[in-house]
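Report on the structure given below.
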Amino acid sequence: MFVLHCPHCGEKREEEEFGYGGEAFIARPLAPETIDDVTWGEYLFMRKNPKGWHWEMWSHNTGCRKFFVVKRNTATHAIDGSWTLADARKLYDAESKAS
Amino acid sequence: MSSHRIQNPFARIDTSRPLSFTFDGQSFGGFAGDTLASALLAHGHRMLARSFKYGRPRGIVGAGAEEPNALVQLEAGPLTIPNVKATQVELYDGLSACRTTGWPSLAYDAKSIGGHFSRFMPAGFYYKTFKWPAALWPRVEPIIRHAAGYGSAPVDPDPEQYDHQHHHADVLVVGAGASGLLAALGAGRAGLHVILVDEQNEPGGWLLSAPHAVIGGQTASDWLKTTIGELKSLPNVRILARTCAFALHDMNMIQAVEQLHDHVAPSARPAGERRQRLHRIRAGRVVLASGAIERPLVYGNNDLPGILTAAALTTYLNRYAVAVGKRVLLLTSNDHVYQGACDLAKAGCSVVLADTRSTINPAWEKRARAAGVDVMAGYGIAEAHGGRAVKGAHLVRLHPERIAVAGNGPFIDCDALGSSGGLSPTVHLYCHDGGRPVWDEKRLAFVAPATGRAKAGIYVVGAASGEFGLQNALAQTCLTTAELLATFDKASAIATLNVRTDEPDLQPARRIFRLPDGKPEGHGKKAFVDYQNDVAASDIHLAVRENYRSIEHIKRYTALGFGTDQGKLSNVNGFAIAADALGKSIPEVGTTTYRPAYSPVTFGTLAGAHAADTFEPRRYTAMHSCHVARQAEFEPVGQWLRPWYFPTGGEDLHAAVRRECLAARRSVAMMDASTLGKIDIRGRDVREFLNRVYANAWTQLAPGKCRYGLMLDENGMVFDDGVTACIADDHFLMTTTTGGAARVLTWLEKWHQTEWPELDVYMTSVTDHWATAAVVGPKSRQVLAKLCTDIDLSPAAFKFMDWREATVAGVAARVFRISFSGELAFEVNVDASYGHHVWEALMAAGREFGITPYGTETMHVLRAEKGFIIAGQDTDGSMTPFDLDMAWAVSMKKPFSFIGKRSFARSDTAKSDRKQLVGLLTDDPQVILTEGAQMIETSNTAPPVPMFGHVTSSYFSPELGRSIALAVVRDGIHRRSEDGVKAGRDIMYAWAGGKAHKVRIVSAVFIDPQGARQNV
Amino acid sequence: MSEPVMQSPLHPFDLAAKARPLDASCGVWVSELPLLGYVSLRGQSSDQAFTEAVARIAGVALPTAPCTFAISGLAKILWISPDEWLIVCPRARPKGLLGEFSQALKSVKHQVADNSGGYTQIYLQGKNARDLLSHTSVYDLEALTPGRIVGTTFGKSSLYMHRHRDGYCLLLRRSFADYIWRYLVRAAEPYGFGVAQIDAALIAGAAA
Amino acid sequence: MKKEYSFWSLFKQGLQHNEGWDPAWRSAEPKPSYDVVIVGAGGHGLATAYYLAKEHGVRNIAVIEKGYLGGGNTARNTTIVRSNYLWDESALLYEHALKLWEGLTADLNFNIMFSQRGVFNLGHTLQDMRDIERRVNANNLNGIDALVLDAAEVKRRIPLIDASKGTRYPILGASFQPRAGVARHDAVAWGFARGASKYGVDIIENCEVTGLDIAAGRIKGLQTSRGYVAASRVGCVAAGHSSVIAKMAGIRMPIESHPLQAFVSESLKPVLDTVVMSNAVHGYISQSDKGELVIGAGIDHYNSYSQRGSPHVIEHTAAAIIELFPMFSRVRMNRQWGGIVDTTPDACPIISKTKVKGLYFNCGWGTGGFKATPGSGNVFAHTIARDEPHPLNRAFALDRFHTGHLIDEHGAAGVAH
Ligand SMILES: Cc1cc2nc3c(=O)[nH]c(=O)nc-3n(C[C@H](O)[C@H](O)[C@H](O)COP(=O)(O)OP(=O)(O)OC[C@H]3O[C@@H](n4cnc5c(N)ncnc54)[C@H](O)[C@@H]3O)c2cc1C
Ligand SMILES: NC(=O)c1ccc[n+]([C@@H]2O[C@H](COP(=O)([O-])OP(=O)(O)OC[C@H]3O[C@@H](n4cnc5c(N)ncnc54)[C@H](O)[C@@H]3O)[C@@H](O)[C@H]2O)c1
Ligand SMILES: Cc1cc2nc3c(=O)[nH]c(=O)nc-3n(C[C@H](O)[C@H](O)[C@H](O)COP(=O)(O)O)c2cc1C
Ligand SMILES: [Zn+2]
């Protein structure tokens, strides 16, 4: 049972205050009409679902109602940190470039 | 004094407070401080149970949570508790308990007949039998089921209450034995917020069984007094007795259950108190001081009543002043039993101590002989003798190295037999969230290393970490506590504490689990490993023979450790015997997974306050009391309770709905629409935002106007709908379905925050702020006119789909001229604080017109007559706007590709013959179709019958004097009679519960297709 | 036509009739702070035009530190999220406030909405007030120091809570009031539970 | 392994101290190459191997398992077996499985303790009852046994249930499938393992597949923790780990792995002789032959491969059970655990070929695949042997996520089961 740090409220809170928002950074195609059904289907349904580090969204339901990003290990439940969407984006891009 | 009770000033019973109780109807006496087990043993009461599979006589084996046999049914009626361990039942006056096994009686158990054929019922018995003929198993199964099970569940609702309490502590110490107390003292003196829990009725742990032990010059009992005294004096330390930490979850969330009632006589339980409380403790650090449990040795007939663990014999003697037997035979592989042996001898028992080691600890031998114990080195037990109680045991001389019989030994007769195969650390919590215990070959135990999980904030001290000697345990506790305190940048104030004891240094134990009897496994008397599941050593060997070689397979094939004791006594023996059978080392075999609960915990405790009328929220509108006063029947819709219908004079649903419908169509009726979700949306980009989240267009809608909108998921399917009003150019008020409100707000926020943060728009829920009364019917304008004089209500000035600021019944209101019924209608929205006032004012104003309150059922009929959908009833997540024949509510021209649009183009979604929403008319106008009836093409119904859709909504329309229905039908739109389809295609059958009704497929709009009535 | 009367969400429990002066008999004393004014306000704290206008109207600077609130003579401004605040004020104020805000923020990104009908507050006092909350909410009450406000769980619902005088203000949504009240009464039972006579100054205080 | 199980063999072995029993299955060392390799020795994987050998004459088969066989979700499910699903595609697939269940004990010569004690799906709202009607009628027209019961009838058949009007979600009725029930989960895995082994299938435990060898769009073999294994066809039946294996082939799946938890009470005398499920209060319960109440919780919403979930989920489920059976408040939870379920967007499985020739996936059973075990293995064996889907699993191909032809079973899947 997790304790998550809400970057907006600036506090660690119990899991029950939050709602899970799924895989982070699934970008919506900018021009959906121009892509084929397969590409659209990938965006709609296909997920990384990694065993290991996972960039995921949570929303602080009982608090600030903001979505934010957590990097969590799905095998060990270790948490690397949580950030606002904007800050996380930078780290994520840097990480993606590195690998 | 009962036969086995002795004088013992150190014992924790209060002989000045005698108590009486009954077991299986027979009356006994005991004392405050007794457990049911100690009190029964004090009377020499041995046999309490019959075994699960073979019906063998069984008695008390342990003295606490590890007890496998003595499961009793405590009390009767609503307060009854099944399967409590007699060793954990604190005695109170008038307590009544019964056995849970043994049918028809303990003395004669039907299963014991099977027992005689036990060799034909090995592990896996059922898998190999009752397979043929197929009809056999269904007849055998009920018999098997009735033979299984221990206690009986209550049959009455639970009269007692439970709750939860949430804690956030710096340090949680689990276990208040010597080590736990010391660790708590260390953390407490350092000023940390400490919680110390122990499942027993008082702190002390093993020290309560070893009162003569010496710690730093004090006797154990004095040391306990001073230590507990100081802890109690510290405001930052909280001690919870009778509190079992039963689970450890991620990030050190510990669940612990506190027993507040069960030890008190029902008549004396304080009213308003809880029976049990779940403490949810989020701890910065956890100290596991959960100790160790002595495991018995495995030999023939080792399950006879009167055979206990040596530790239990010691505990009964020292803690409860009970000498379980007068002639005691002890069997050990280690030093731990010697103190107990001395104490038993000093208490006047004749004690023979057989040590499986050929060379034993001279210091202990000296003390034992001095105390009068007859010590025999290098002996084991081949098999115990006795029927309903142990009478003696046949000893054999053991080979000093190999696990083999080296020669014959004497027959020792005894009335109590205790064995010790060493201590098994209580590592359960260490493992609940993924930790693994480590096999320590020197200590012959799976231990939880003291700082093995320090990174996770979990520390282990004392016996739990494998420190079995008291002095070592305490010294190690001091060290480990200091390490823990360092992580808080605190120095330890117990580092220099004197913890010297008077025990001799420990001599290594002998590595022995299953004692040899000179015969191959399975040939001699059954030697039990897991008493509760009747798992014998031979069953483990059989499992291995049949290739159930993984320890998990062995567990599952034999049921080893499956019981309510979760293998506290049996698991390690089982692992070791398996290793032997597999020819592997114990660490290679490993352990099974430790899972919560450490000790069983009631469902009531888990549920806490979430029971009865606080099980889950019920949401009410500001007008709720108005409806209650009018005897409304209510319907749960999402979290809300909404009026379903308003029966008067004994009406049933149909009569009431008929009356309510006609009132709405012919004169005036009123409904509470407050539960609809309302979201205030404001910002420069609000129109663009709506364009993206709705299927239709919002660019043109002028202030003062409203529009209906369909909300789709990205898959193109309708998931919510509602009317949205333009308040100002940059300001809209959106309404959602009752059930969808929260989901929609989160959905909108998610899109805004994650995809389109650049859009200038804010959303705020105002659902609870507004109370809404829908005044519906031809006379609604007249009613409203009486209460609303500051705006022009005339059709010309206040058009359909307009809204206005106005004053209604003296209250500022937003009046929407929208209609979910197709009638002239006004939705009056006011500050909910005035909801009650305005509802009553409208009722009063409408009285002259016979204004009629109506509920959700009538609302459904009225909208169905108009072919308006209910999202969630006429849609099921697989309907596009086109499937709903609502192309008019989709704007494909909008520049931005709104949510869901792209999905329309996929091959399956683009098909023209998808299931589509249509109306149905039955041949017989009186027949009301079943909602959920399936649409088929022929009246011939020999399965499999092709299905083309189903009836989503079906009612009797009082207005039309006939039944109507909505359905989704494959290619339905092209089957509608109106559209002159190929003869016959409009005729189908609606099939439900074996009946097929002929129906004609028509437009979904049954009344006033031009919408004239709502425009008057 | 009868005069408009307001009803608080806890009206059905007729607390007035149950109310009595505080004494030693109960560990938890509860009362409703009914019928206050509530205005939802959203905007960018980075936008000076916004913060200044709000400060001017509210008579106090907008609290921008997470989980804090500010008090002025006429209102209490609760931080809800980095771009959302809830203004608690006497019942007569919202109408005026709305006007003033809309005026002052015409050309500024913002949102104001009257939510007065949507909320009520419960005031908790007594020696076990904090114990009570430890039964109902997962929040670490140690961290709930004076001047802080947090949104957290309450049973299976949620609410905002902050310290007020020597007690706690619970701010909750109207439709959950019935559930929250029952839940609270049940949780308080072991400590002894009483409905406290409500004192006007308290309401005023809660409003500002 | 020739020895049949029977009273007679039990008697004979009993006389010989049960020393003559053979291994139930043969543990094999990986061979260099196989015609077909099945990844994952859960119920589905073992059933697939069994039917491949038995019905399609494939001989050279291996089942590769990273842990102990049957140790995945097969080991940890609440064993509810039923076929009363809503849509034709799924109803027919699950009914195919149910028919196989009915003959499985005899077919495998292994008593899998299939107990057709019936399953109730309770309805608590008017919409629940509409959905129940819709589902039951569809079932009947598909030739599947199912009936709609009203509240009074539910109370009559489940005397302990709280059918009063005062509850949060009063019971309005239920659907009931008489032929549904429960089975002994471990026995299913062992029975199929024994059966497959009899046909010469190599069962290789403690061997983890770590990579897939693909060349020119064709599967060539697998890397495993015990070396390379060549195979011209590979069927992946890895449940919770399907995304991980798919990644080895560069494929992304429409799957998320979630914890799903369950717990059991202490063993009690018989109190409940059927299976009761409720979506609205969110819990389901039955009583095993050993006497413990077997209770399933909802899923934890976050992704996880940890086989454990959060305690508030269990707490909520306990509350739900008490809401249905107030007397169970005093019954005690003995043990709780979790599994890793592979959920799909439409709560329906994926039994499919992939873009890699010779590579097949059978996954996405999520919270409800135990009931399908024999049927799933049976049609998957067909798909692999013929390199084309069996008519019953054609609709469950991966391409439905591109065409939009989803089969939304959330209604019938509801709570985990
Ligand atoms: C708590 C719970 C309750 C449930 N209740 C029900 C119910 O009541 N009714 C119902 O029908 N269904 C139920 N289910 C779902 C059901 O258990 C599963 O759908 C079903 O058992 C899946 O079977 P399987 O054989 O495909 O998966 P598994 O039994 O999980 O087998 C997959 C195997 O693949 C192995 N594997 C994974 N990766 C690798 C690798 N890289 N190399 C080698 N091997 C690998 C795993 O170790 C595992 O043994 C429940 C599930 C859970 C968790
Ligand atoms: N001879 C024996 O059988 C025996 C048994 C245990 C300890 N000892 C000796 O006692 C000395 C002190 O040992 P210790 O203090 O490490 O252990 P301990 O056994 O004295 O104390 C452990 C305490 O932890 C409690 N406990 C265990 N699990 C719990 C849980 N989940 N929740 C709540 N309480 C729980 C037990 O009730 C017990 O009071 C050591 O020298 C040790 O060797 C001997
Ligand atoms: C239907 C069913 C019944 C079970 N009954 C029991 C039981 O009576 N006692 C027990 O200790 N465990 C029981 N278990 C749980 C298993 O011990 C084990 O926890 C589960 O299979 C998950 O495996 P793991 O805990 O090793 O990860 C049961 C499991 C299932 C699926
Ligand atoms: Zn937050």
Side-chain angles (χ1 to χ4, degrees), chain B residues 81-83 119-120 122 126-128 130-131 134 141 144-145 148-150 152-158 249 255 522-523 542 545-547 550 552-553 556 564 595-597 600-604 606-607 610-611 615-616 636 877-878 906-909 930-934 943-945 947 950 992, chain D residues 5 7 10-11 14 17-19 21 23-25 27 68 71 105-106 109-111 113 115 125-127 130 133-134 137-138 141-143 168-169 186-187 266-271 289-291 311 314-315 318-319 321-323 326-337 403-405 408:
Chain B
I81 315 172
N83 296 347
R119 53 165 37 183
F120 305 112
Y126 291 126
Y127 305 132
K128 300 185 170 108
F130 308 121
K131 304 179 305 320
E141 192 190 18
I144 293 170
R145 300 190 71 195
Y150 303 103
S152 307
V155 290
D156 315 294
D158 189 344
H249 301 280
Q255 289 172 299
H523 290 239
L542 172 63
R545 188 173 302 131
E546 294 192 79
N547 205 37
S550 155
E552 289 292 356
H553 282 150
R556 287 159 163 80
T564 65
R595 295 269 191 185
V601 49
T602 59
F603 295 2
L606 293 169
H610 301 128
F615 167 57
E616 267 180 26
S878 70
R906 296 171 306 183
S907 58
D908 185 76
T909 323
T930 309
E931 289 172 340
Q934 289 289 337
V945 182
M947 287 170 262
H950 71 285
Chain D
Y5 292 158
F7 279 116
L10 270 160
F11 178 69
H17 309 284
N18 292 297
E19 281 168 344
W21 292 110
W25 67 87
S27 295
Y68 62 99
T105 284
N109 177 240
F110 199 104
N111 187 352
M113 301 186 164
S115 169
T125 65
L126 297 171
Q127 189 54 41
R130 289 182 197 106
E133 274 288 350
R134 178 186 177 189
N137 290 321
L141 291 172
N142 274 322
R168 177 64 184 83
Y169 302 103
D186 292 328
E266 299 178 289
S267 181
L268 300 162
K269 297 260 161 29
V271 280
D289 286 350
K290 259 180 68 275
I314 296 281
E315 291 167 6
I321 295 304
I322 293 171
E323 180 73 356
M327 61 288 305
F328 290 165
S329 168
R330 300 177 77 83
V331 169
R332 303 193 295 181
M333 174 181 80
N334 190 32
R335 184 175 173 106
Q336 74 180 58
W337 65 93
T403 63
H405 192 311
D408 200 318

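Worth saying up front: this structure is predicted, and the values here are computed from it rather than measured. Quick note on labels: first sequence line is chain A, next is B, and so on, each numbered from 1.
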### Query
Yes or no on salt bridge (charged side-chain N to carboxylate O under 4.0 Å, His left out) for B/Glu546 and B/Lys128, after CA distance, side-chain angles and deciding distance?
CA-CA 12 Å; B/Glu546 294 192 79; B/Lys128 300 185 170 108; 2.9 Å; yes
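- If you measure heavy-atom distances from D/Glu323 to chain B, the contacts under 4.5 Å come from the side chain alone.
- Looking at B/Ser550, the atoms closer than 4.5 Å to chain D (heavy atoms on both sides) all sit in the side chain, from C-beta outward.
- A donor-acceptor pair shorter than 3.5 Å cannot be found between the side chains of D/Ser267 and B/Asn83.
- With a threshold of 4.5 angstrom between heavy atoms, B/Phe615 approaches chain D through side-chain atoms but not through N, CA, C or O.
- Considering only heavy-atom pairs separated by less than 4.5 Å from chain D, the leading option among B/Val601, B/Ile81, B/Thr930 is B/Val601.
- For D/Val271, the part lying under 4.5 angstrom from a heavy atom of chain B is the side chain only.
- In this structure, the portions of D/Leu10 lying under 4.5 Å from any heavy atom of chain B include both its backbone and its side chain.
- Of the two parts of D/Gln127, only the side chain, counted from C-beta on, holds a non-hydrogen atom closer than 4.5 Å to a non-hydrogen atom of chain B.
- For B/Glu616, the parts sitting under 4.5 Å from any heavy atom of chain D are the backbone and the side chain alike.
- Residue D/Asn334 touches chain B through both its backbone and its side chain, counting heavy-atom pairs closer than 4.5 Å.
- Aromatic pair B/Phe130/D/Phe7: centroids less than 6.0 angstrom apart.
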